[in-house]
Amino acid sequence: MTTATLKKKKKIKALVEKETSEKKLAKVYAALAPKPSVAAEPVGLPERLERAEQDFKAGRYMTGAEARAKLKAALKRRRAAKRKAA
């Protein structure tokens, strides 16, 4: 560690030791605590995956080219709506 880093570390440590507010200390801990390396699973993901599996089994799916064409058309409509609204 560099000298500047050590000075910052000492200053932070002194401020934390002086602090008595439980809320502020919890916020400091949340900011400094290591974050989990694996992102949490988004809410509703299992349900969406199950629906996607059912759609696939029922034959409701698109090729890459169809998906690109559908996306381009949707973006084109969205841009046109934005231009119209502006």
Side-chain angles (χ1 to χ4, degrees):
M1 275 193 221
T2 64
T3 306
T5 305
L6 289 172
K7 285 182 182 180
K8 288 176 187 175
K9 185 177 175 181
K10 274 186 176 182
K11 191 172 187 174
I12 290 170
K13 188 175 180 182
L15 289 171
V16 168
E17 286 176 353
K18 189 171 68 173
E19 188 57 56
T20 57
S21 169
E22 203 168 312
K23 273 187 173 180
K24 286 182 181 179
L25 289 172
K27 285 182 181 180
V28 169
Y29 177 77
L32 297 176
K35 307 292 185 265
S37 59
V38 177
E41 187 175 278
V43 176
L45 183 61
E47 292 83 14
R48 288 187 300 193
L49 290 173
E50 182 61 35
R51 272 189 280 134
E53 279 293 319
Q54 290 170 355
D55 286 343
F56 186 77
K57 286 177 184 174
R60 294 185 296 265
Y61 58 90
M62 290 184 269
T63 64
E66 291 171 332
R68 277 191 295 279
K70 187 175 180 178
L71 181 60
K72 281 184 179 182
L75 288 172
K76 196 174 193 178
R77 285 192 306 272
R78 186 173 177 165
R79 286 188 202 113
K82 273 189 173 181
R83 274 189 250 123
K84 191 176 181 180

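Quantities reported herein were computed from a predicted structural model and do not represent experimental measurements. Hydrogens, waters and symmetry mates are skipped; everything else that's a heavy atom, side chains included, is used.
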NZ (Lys8) and CG (Leu6) are apart, to the nearest 0.5 Å, by 11.0 Å
Do side-chain atoms of Glu17 reach the backbone of Ala14 as a donor and acceptor pair under 3.5 angstrom?
no
Heavy-atom nearest pair, Arg60 first then Gln54, reads NH2-O, 4.3 Å
Same apolar cluster: Leu15 and Val28, side chain cutoff 4.5 Å
no
Heavy-atom distance under 4.5 Å between the side chains of Lys72 and Leu75, does that happen here?
no
Report the residues that fulfil side-chain contact (heavy atoms from CB on, under 4.5 Å) with Ala73, sequence neighbours left out, ordered by chain and then residue number.
Arg77
Shared ILVMFWY cluster between Leu49 and Phe56, side chains joined below 4.5 angstrom?
no
What's the spacing between Leu25 CG and Lys23 NZ if we round to 0.5 Å?
13.0 Å
Measuring from Arg48:CZ to Asp55:CG, what's the distance to the nearest 0.5 Å?
13.5 Å
Does Thr5 have any side-chain hydrogen bond (donor to acceptor under 3.5 Å, both in side chains) partners at least two apart in sequence or in another chain, and if so, which?
Thr2
If you round to the nearest 0.5 Å, how far is CG of Leu32 from NZ of Lys27?
14.0 Å
Would one find more than 12 heavy atoms of other residues, nucleotides or ligands at under 6.0 Å from atom CD of Glu22?
no
